[in-house]
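Both counts, for ligands and for their atoms, begin at 1 and track the order of listing. Residues: numbered from 1 along the sequence shown.
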Amino acid sequence: MSGKLVIGNWKMNGRLAANLALIESMLESPALQQARVAIAPPFAYLGQAATLLADSHIMLGAQDVSAFAADGAYTGEVSASMLADVGCRYVLVGHSERRQYFRESDAQLGQKLQAVVAAGLIPVYCVGETLAERESGAYREVVAAQLSVLSVLNGAECVVAYEPVWAIGTGKVASVAQIDEVHQYIRATLLQCHGGSDSICVLYGGSVKADNADAILALESVGGALVGGASLDVNSFGQICQAAKKTV
Ligand code: PGA
């Protein structure tokens, strides 16, 4: 596998028949061959995806995880250990939609991060400012406060995803200069505060599409892409993977 990491976040989309068609077309697509790529379907379809992806290079991720690590009476929850059991490698933690609709607190996110690492999986910790925070100029402070939760990991392997909330699902993409500035800032902050190594992977997410992937993924500070809408279409997702493969 070569190039930067691309993770497809399916969000709350998919049905058995549609997933089968999409995953089969991904497995057949030359654009995905050799790419460092993962998909994160809804919990209900992780087993189906794991079966279809067995023996392939396409990795599996989950979109969320319980803050409770141990088995027990937590109705509706899915633990990190269960995600490991069904074959996940990555777990999104703190996606802005979860922060916004489910009011996930820093304390909960810290527990989720620890549970993911304890299960031997890699968290993909999402950060990003709202439009109001961007316009007020406070976006660096917002991102720094979100990053501070990572101190619970004591340097364990983690991927960070910078996703400006105003660019998610809106078709508005941050400019290459805006992305580079925040990515450099995140890398510097992690290095300084959390002893993260220089090799820390920071993905960009927010309306990444076939037509902007080349420019975004060419940035040295960008370690890959977290793709929502465009990950549901094999041609668009393939072109993003193609752009990622060209990079080192
Ligand atoms: P989008 O979503 O690509 O549809 O903007 C990205 C994300 O929320 O991970």
Side-chain angles (χ1 to χ4, degrees), residues 4-14 18-19 22 26 31-32 35-43 45-46 49 58-65 88-104 109 112-113 116 122-131 133-134 139 142-143 146-147 158-176 178-179 182-183 186 201-217 219 222-244:
K4 295 181 177 179
L5 177 64
V6 178
I7 301 179
N9 172 12
W10 288 12
K11 307 194 179 186
M12 199 169 77
N13 292 292
N19 304 342
L22 178 56
M26 288 174 62
L32 270 82
R36 267 181 77 205
V37 57
I39 56 167
F43 286 145
Y45 300 118
L46 285 174
I58 302 175
M59 298 174 284
L60 194 60
Q63 300 173 18
D64 186 32
V65 63
C88 288
R89 180 164 171 76
Y90 295 101
V91 183
L92 305 189
V93 174
H95 188 280
S96 64
E97 286 151 16
R98 301 224 46 97
R99 293 181 192 259
Q100 184 187 346
Y101 301 128
F102 305 98
R103 301 261 171 265
E104 292 193 352
L109 296 180
K112 290 185 177 197
L113 287 167
V116 170
I122 302 172
V124 179
Y125 180 63
C126 305
V127 299
E129 79 284 0
T130 62
L131 186 58
E133 289 161 346
R134 162 65 57 173
Y139 57 96
V142 169
V143 168
Q146 292 169 336
L147 289 175
C158 177
V159 171
V160 170
Y162 171 57
E163 299 200 302
V165 178
W166 48 274
I168 295 178
T170 58
K172 276 189 200 166
V173 194
S175 71
V176 165
Q178 286 173 321
I179 295 171
V182 179
H183 275 243
I186 290 173
C201 178
V202 185
L203 309 179
Y204 173 75
S207 299
V208 176
K209 307 269 182 261
D211 61 1
N212 58 28
D214 268 317
I216 294 169
L217 288 163
L219 288 170
V222 171
L226 181 54
V227 184
S231 71
L232 298 170
D233 175 78
V234 72
N235 293 321
S236 306
F237 196 56
Q239 285 179 62
I240 296 166
C241 290
Q242 199 72 50

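Counting only heavy atoms from C-beta outward, the side chains of V127 and R99 approach each other to under 4.5 Å. With a 4.5 Å cut-off on side-chain heavy atoms, L226 and L92 count as touching. C88 has its side chain within reach of L60: a pair of non-hydrogen atoms, C-beta onward, lies under 4.5 Å apart. Residues F237 and V6 form a side-chain contact, since some pair of their non-hydrogen atoms from C-beta on lies under 4.5 Å apart. With a 4.5 Å cut-off on side-chain heavy atoms, V93 and R98 do not count as touching.
Although no hydrogens or angles enter the test, the distance criterion places no donor-acceptor pair under 3.5 Å between the side chain of E163 and the main chain of G128. Counting only distance, with no hydrogens or angles, the side chain of K112 and the backbone of V65 share a donor-acceptor pair below 3.5 Å.
Shown in contact with S207 at under 4.0 Å from a heavy atom are these atoms of ligand 1, numbered in order with element: 1 (P), 3 (O), 5 (O). Every atom of ligand 1 is numbered from 1 in the order shown, and the set under 4.0 Å from a heavy atom of G206 is 5 (O). Of all atoms in ligand 1, numbered sequentially from 1 with element shown, those under 4.0 Å from a heavy atom of E163 are 6 (C), 7 (C), 8 (O), 9 (O). Interface atoms of ligand 1 facing L226, defined by a heavy-atom separation under 4.0 Å, are 9 (O). Contact atoms of ligand 1 toward H95: 7 (C), 8 (O), 9 (O) (distance under 4.0 Å to a heavy atom of the residue).
Protein heavy atom closest to atom 3 (O) of ligand 1, with residue, atom name and distance, is G228 N, 2.9 Å. In terms of protein heavy-atom proximity, atom 4 (O) of ligand 1 is nearest to G229 N, 2.9 Å. Counting protein heavy atoms only, atom 2 (O) of ligand 1 is closest to K11 NZ, 3.2 Å.
The shortest N/O to N/O separation between G169 and ligand 1 falls below 3.5 Å.
Classified by interplanar angle (parallel below 30°, tilted 30° to 60°, perpendicular above 60°), the ring pair Y162/H183 is perpendicular.
Residue contacts with ligand 1, taken as heavy atom pairs separated by less than 4.0 Å, involve N9 solely via side-chain atoms from C-beta onward.
Taking a 4.0 Å cut-off on heavy atoms, A230 fails to register as neighbouring ligand 1.
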